[in-house]
There are 2 protein chains.
Amino acid sequence: MTKAELIEEVSTKTELKRRDVSDIVDSVLECVKGALQKGDKVQLIPFGSFEVRKRKAREGRNPKTGEKLMISARTVPAFHPGKDLRDAVQKPVKKK
Amino acid sequence: MTKAELIEEVSTKTELKRRDVSDIVDSVLECVKGALQKGDKVQLIPFGSFEVRKRKAREGRNPKTGEKLMISARTVPAFHPGKDLRDAVQKPVKKK
DNA sequence: GACGGATGACCAAGGCTGAGCTGATAGAGG
DNA sequence: CCTCTATCAGCTCAGCCTTGGTCATCCGTC
């Protein structure tokens, strides 16, 4: 599902202009990005939370050449799913 | 940052009603959840992608008692950050 | 606006899985 | 049309993930 399809679906659901939906979705992503830049956590309860994770430096490896290389410590964006999402994606094999 | 603050900020940016923003954000999350339930991937380029990840069954451990326990295989929601996000959360040490 | 219900964070310790390294290409999205 | 992402290889270690109770907080209702 692409952003266009998502916007299509949302505009249908909410009966709002696709332009507005697109605008809002874009702004939401901008805001989340901004918050993460500031190191803030974004909580979309009960959907999940966006947060930044510190990654320590480690020894990686070039999968093509097999050469060892140093991966510097970095900050990566992470998403922690909420209960709603975790439950939703579970296969209906086991119904709780 | 909570959902309310996010909506506040987005409504300010887009100059749209807070009610509409809230409605749309909610619908977006619903759509993403639905797509993930179907096993689809949701691409919010260049922000990132939501996808489901298969987790193999493994032997866990009760951190309280130390007892071993079997963790059944499961499907978990995951978020893969896009280039924009990955770059954004990096410390401004290196400005591109 | 205030309260209640619900959800998330937190913590313990330890083991193993999965992410992620490069980079070129192909395909698709904006 | 340009940019972005997925994909793939093999290998390694670090981060995560488990339970469960409690506390804070967030959302929604009244």
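Computed from a predicted structure; not experimentally measured. Proteins get letters first, then strands, A, B, ... in listed order; numbering begins at 1 in each.
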Original post:
Does any donor-acceptor pair link the side chain of B:R61 with the base of D:dT19 at a separation under 3.5 Å?
Top reply: no
Given [options], identify the nucleotide with an atom nearest to the side chain of [X].
X	options	result
A:K64	C:dT22, D:dC26, D:dC4	C:dT22
A:P63	C:dT22, D:dA6, D:dC16	C:dT22
B:R58	C:dA9, C:dC16, C:dG29	C:dC16
A:L69	D:dG15, D:dC27, C:dC21	C:dC21

Original post:
Given that B:E5 and A:A78 both sit by DNA chain D, which one's nearest nucleotide is further toward the 5' end?
Top reply: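 That would be A:A78.
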Subject >> First of A:G60 and B:P81 reached from the 5' end of DNA chain D, by closest nucleotide >> reply: B:P81
Provide, to the nearest angstrom, the distance between the [atom1] atom belonging to [X] and the [atom2] atom belonging to [N].
X	N	atom1	atom2	value
B:R74	C:dG18	CZ	P	12 Å
B:D84	C:dG30	CG	C1'	13 Å
A:I45	D:dA24	CD1	P	16 Å
A:E59	D:dG10	CD	C1'	15 Å
B:K54	C:dA19	NZ	P	14 Å
A:L44	C:dA9	CG	C1'	17 Å
A:E8	C:dG30	CD	C1'	16 Å
B:R55	C:dG15	CZ	P	20 Å

Within the structure provided, determine whether [X] and [Y] are in side-chain contact (heavy-atom separation under 4.5 Å).
X	Y	answer
A:F50	A:L44	yes
B:S72	B:R74	yes
B:R18	B:E8	yes

Subject >> Closest-nucleotide ordering on DNA chain C, the 5'-leading residue of A:H80 and B:N62 >> reply: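 The residue mapped nearer the 5' terminus is A:H80.
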Original post:
5'-most contact on DNA chain C: A:S49 or B:P46, nearest heavy atom basis?
Top reply: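 On the 5' side of the pair lies A:S49.
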Original post:
Hey, does B:G82 reach any base, or is it just sugar-phosphate, or nothing, if we go heavy atoms under 4.0 Å?
Top reply: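 It contacts sugar-phosphate atoms only.
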**OP:** With heavy atoms under 4.0 Å as the rule, sort B:E67 into base, sugar-phosphate or nothing.
**Re:** nothing
**OP:** Inspect the contact between B:R61 and B:E59 and indicate whether a charged nitrogen and a carboxylate oxygen are less than 4.0 angstrom apart.
**Re:** no
Original post:
Thinking salt bridges, do B:K13 and B:E15 make one under a 4.0 Å N-O criterion?
Top reply: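 Here B:K13 does not pair with B:E15 in a salt bridge, since their nearest N and O are not under 4.0 Å apart.
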**OP:** State whether A:K56 places a side-chain N or O below 4.0 Å from either non-bridging phosphate oxygen (OP1 or OP2) of D:dA14.
**Re:**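 Checking A:K56 against D:dA14: no side-chain N or O falls below 4.0 Å of OP1 or OP2.
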